[in-house]
Number of protein chains: 2
Amino acid sequence: MQGRATGKSEAVYERLKEDIESLRLRPGAKLSEVQLGEELGASRTPVREAIRRLARDGLVDFVPGEVARVAPISLGGVHALFEFRMLLEPQAAASVATAGAADERVLVPFHDLLKRLEEFDESFRALDAAAQVRSYTKFYEVTEGFDQAVIAACRNPYLARTIRDLRSQTVRLRHLSHSRPRRMLTSLDEHRAMLKAITRGDAQAAEAAGRHHLAQTRQALIDSLTSQDLTLGRDVQVDLTG
Amino acid sequence: MQGRATGKSEAVYERLKEDIESLRLRPGAKLSEVQLGEELGASRTPVREAIRRLARDGLVDFVPGEVARVAPISLGGVHALFEFRMLLEPQAAASVATAGAADERVLVPFHDLLKRLEEFDESFRALDAAAQVRSYTKFYEVTEGFDQAVIAACRNPYLARTIRDLRSQTVRLRHLSHSRPRRMLTSLDEHRAMLKAITRGDAQAAEAAGRHHLAQTRQALIDSLTSQDLTLGRDVQVDLTG
DNA sequence: GTACACCATCCTGTATACACCCTGGCGGCC
DNA sequence: GGCCGCCAGGGTGTATACAGGATGGTGTAC
């Protein structure tokens, strides 16, 4: 097994995932098993396996017998992705709120999260736009904590896994267009609304807040994609026809 | 490539899938790569790949470094599965109905399906219970046509793929407890209601009918699982604690 | 009789070799 | 000059070899 500590396959997967999410590997780029193996210091077997997993994550288009390619980004795909998330994530938030109403322990991580959010939110609002952009790492840390906590608290493993499987694509889109400062502010508001509804055990409000947040996020993303700064200084092309 | 026509990996996958769905491979059974390879006349590589794909389908429990096992069946798992399907499939039916209202061509396969259903339904009701049971292959052919048609007409590829991915597990459960004649009759009614709502372009009715059908199906399955005939003459154990 | 330790065995993870396919470019032929 | 066929290269699919690690059974000591 070449040492449980190493885990070549896992390492290759994580590395490729990062490269694709960060757009270092551009949509449409060929993923040759031998070439990647040489670059990453692994043989074909782990690379193959990693590529299959990335295909499941929706980051790679894979057709048997053909060269795997980094999945292209299309406007239609973005719409479909968000439509699907809109079906799942508000429901997950609602079910967590319901579970929390029945068992207070479910809510512990959300109380923590809400506290961290409030703290960050306060300092974030005090910054000017440039400083806000510079602190976007922290912003994502807080907001992503929410997704993670919902998934962790989600009672239904199918729902949890499906939401988790969509995360990689969402992350890549985020790299296509970082949130603007104003959007970050409203996003924080939306997260606070979701967290409060959950800690209150109000399933209906949690679902509504989740739906609202996703709708806003999608709109911000679409606006960004359809504006001129598609390329972000790189030549990442997005298919706007879909 | 050993001849495009063969497709060892695909063949092994299909074969194992059938064996697991039909319970010939019992829940919890070990799936050793070498052993399966010898039995199916393939080397470890295609078997590995097939096992990974089956894990994605939820038919196999796979932990890196450990022996893969056929996924166990638990009552809790069944509940989670149906809860999740209840979230997706009625929504898919509704979205197809909506799409059909806008574009009549979407509905063509459903008109055909409804016609076939009516024909089968008529002759099916004329049979006695034993004959109904004997014709259950035809029954599944008609009812499964519905799932397939919804998936095919589903505009959202994420939704379609997720529903499709759950199919294998549903099929396996069906093998655990075939529908009783009375259930088949009501199921036909439910399918007719769904089909009519879709062809009418009534999204709300389609969603309600889909929800109702799933609830009824789940109830019939749970009743069957919690009764004594768990084992179906085989020693397939179901974990009732979950 | 029981519990612990050691050993044989099996199994997976990884590397590598071979077979076939598909593509693209070059050269000859019309 | 254009078109067709051949050849070389790369790419995946599959088979097989090798290197650890987990597991289960057996034997022994208490």
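A note on names: the letters A, B, ... follow the listed sequences, proteins ahead of strands, and every chain is numbered from 1.
Atom CZ of Arg69(B) is separated from atom P of dT12(C) by 11 Å (rounded to the nearest Å). Between Phe62(A) atom CZ and dG11(D) atom P there is a gap of 15 Å when expressed in whole angstrom units. Across the protein-nucleic acid pair, Glu33(B) atom CD and dA17(D) atom P stand 16 Å apart, rounded to whole Å. Regarding Leu36(A), its CG atom lies at a distance of 16 Å from the P atom of dG10(D), rounded to whole Å. In this structure, the CD atom of Glu66(A) is 21 Å from the P atom of dC20(C), given to the nearest Å. Put simply, CZ on Arg53(B) is 11 Å from P on dG13(D), counting in whole angstrom units. Glu38(B) places its CD atom 12 Å from the P atom of dT12(C), with the value rounded to the nearest Å. Between the OH atom of Tyr13(B) and the P atom of dT14(D) there is a distance of 15 Å, given to the nearest Å.
Between dC11(C) and Lys30(B), no contact under 4.0 Å exists linking OP1 or OP2 to a side-chain N or O. The shortest distance between the side-chain N/O atoms of Thr45(A) and the OP1/OP2 oxygens of dT14(C) is not below 4.0 Å.
Salt-bridge formation is detected for the pair Glu10(A)/Arg53(A): a Lys NZ or Arg NE/NH1/NH2 atom is positioned less than 4.0 Å from an Asp or Glu carboxylate oxygen.
For the 3.5 Å distance criterion, the side chains of Gln169(A) and Tyr158(B) qualify, holding a donor opposite an acceptor. When only modelled atom types and interatomic distance are considered, Asp57(B) and Tyr13(B) share a side-chain donor-acceptor pair under 3.5 Å.
For Ser32(A), the listed nucleotide lying nearest its side chain is dG11(D); candidates were dG11(D), dA15(D), dA15(C). When the nucleotides dG13(D), dA15(C), dG13(C) are ranked by their closest atom to the side chain of Ala42(A), dA15(C) comes out on top. Among the nucleotides dG11(D), dC11(C), dT14(D), the one closest to any side-chain atom of Val67(B) is dC11(C). Taking only side-chain atoms of Val34(A), from C-beta outward, the nucleotide of dT14(C), dG13(C), dT12(D) with the closest atom is dT12(D). Nearest to the side chain of Arg48(B), among dA15(C), dT12(C), dT14(D), sits dT12(C). For Arg44(A), counting side-chain heavy atoms from C-beta on, the closest listed nucleotide (dT14(D), dG13(C), dC11(C)) is dT14(D).
Backbone-only contact: Leu31(B) has heavy atoms under 4.0 Å from sugar-phosphate atoms and none from a base.
A cation-pi arrangement, defined by a distance under 6.0 Å to the six-membered ring centre and an angle within 45 degrees of its axis, is present between Arg85(B) and Phe82(B).
Of the two residues contacting DNA chain C, namely Gln35(B) and Ser43(A), the nearest-nucleotide position lying further toward the 5' end is that of Gln35(B).
Considering CD of Gln91(B) and CZ of Phe84(A), their distance stands at 10.5 Å, rounded to 0.5 Å.
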